[in-house]
Amino acid sequence: MIKAVLGSFCLVLSAGAWAHGDVTPHPIDTSALPQLGEEWRDTNPYRGNKQVEEVGAEGYLHNCAGCHGLNAISGGIAPDLLLLSVDCASMSGDGQESCFQENDEYFKNVVLHGKKTSSGRVTMPGYDGVFTQEAVWAVKAYIDARTLEENP
Ligand code: HEC
């Protein structure tokens, strides 16, 4: 389902609309999702929620795909995000959930603050102030769902 949704966006891409990739942070409209309050969580409360995954897929497409690849499959410019939790895919139940949780906080911190080289050059923008907490976890829920889809 997620793949099918993104499939239609690929046509837009091949039509040249985003020939150079769009890497400017864009807010994600998360007003329709269950609201999480002010306090940041350390783990993703949304994993497995299909509605959230679709919002995350769209947010990913507009913010991350330009560097990390369409459908979260890396084209080699930036790390393959499907490798982050690949070990979790072979697990089940609570074990799988806690495996995904181990990467939640790392993911949140990278997305909020971005990445720099040791000389201070920005390699990935930070989304602090652009993404709501709901947006960060929606994108992670999407990436985790894609991890399971690609590693059945
Ligand atoms: C301008 C290109 C660019 C954009 C846009 C971008 N990233 Fe990145 N990202 C990178 C690069 C390059 C790295 C590796 C940087 C490094 O390790 O120094 C990275 C690293 C990461 C990592 C750490 C990966 C690991 O294996 O440790 C995560 C997680 C991540 N990005 C998530 C995202 C998400 C989610 C988005 C969209 C909200 C995003 N990135 C947008 C370029 C980008």
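If you read the sequence from its start, that first residue is 1, and numbering goes on from there. One-based numbering, in listed order, for ligands and for the atoms of each.
Classified by interplanar angle (parallel below 30°, tilted 30° to 60°, perpendicular above 60°), the ring pair H26/H62 is perpendicular.
Residue Y60 places every heavy atom at 4.0 Å or more from ligand 1. Proximity of P79 to ligand 1 is established by a heavy-atom distance of less than 4.0 Å.
Contacts of C64 with ligand 1, taken as heavy-atom pairs under 4.0 Å, involve both backbone and side chain. When non-hydrogen atoms are compared, ligand 1 lies under 4.0 Å from neither the backbone nor the side chain of L83. Only the side chain of H68 comes within contact range of ligand 1, with a heavy atom under 4.0 Å; no backbone atom does. When non-hydrogen atoms are compared, ligand 1 lies under 4.0 Å from the backbone of T123 as well as from its side chain.
Side chain of T30 to main chain of L33: no donor-acceptor pair is present (N/O by atom type, distance under 3.5 Å, no hydrogens or angles). Judged by distance alone, with hydrogens and angles left aside, the side-chain atoms of Q96 form a donor-acceptor pair with the main-chain N or O of C88 at under 3.5 Å. Between the side chain of Y127 and the backbone N or O of N63, at least one donor-acceptor pair lies under 3.5 Å. In this structure a side-chain-to-backbone donor-acceptor pair under 3.5 Å is missing from H113 to D128. Checked by atom type and distance alone, the side chain of N49 pairs as donor or acceptor with a backbone atom of Q51 at under 3.5 Å.
Considering backbone and side-chain N/O atoms, Y106 comes within less than 3.5 Å of an N/O atom of ligand 1.
The atoms of ligand 1 that sit less than 4.0 Å from any heavy atom of C67 are 1 (C), 2 (C), 3 (C), 4 (C), 5 (C), 42 (C), 43 (C). Residue contact check: F107 has heavy atoms under 4.0 Å from atoms 29 (C), 35 (C) of ligand 1. Atoms of ligand 1 found under 4.0 Å from any heavy atom of F131 (numbered from 1 in listed order, with element): 38 (C). Near A78, meaning under 4.0 Å from any of its heavy atoms, are these atoms of ligand 1: 10 (C), 11 (C), 42 (C).
Paired with Y46 under the rule side chain to side chain contact (heavy atoms under 4.5 Å, CB included), one option of K140, E53, E134 passes, and it is E134.
Distance check for M124 against atom 8 (Fe) of ligand 1: an N/O/S atom falls below 2.8 Å.
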Can T43 and D104 be said to form a side-chain hydrogen bond (donor to acceptor under 3.5 Å, both in side chains), step by step?
CA-CA 5 Å; T43 57; D104 282 345; 4.9 Å; no
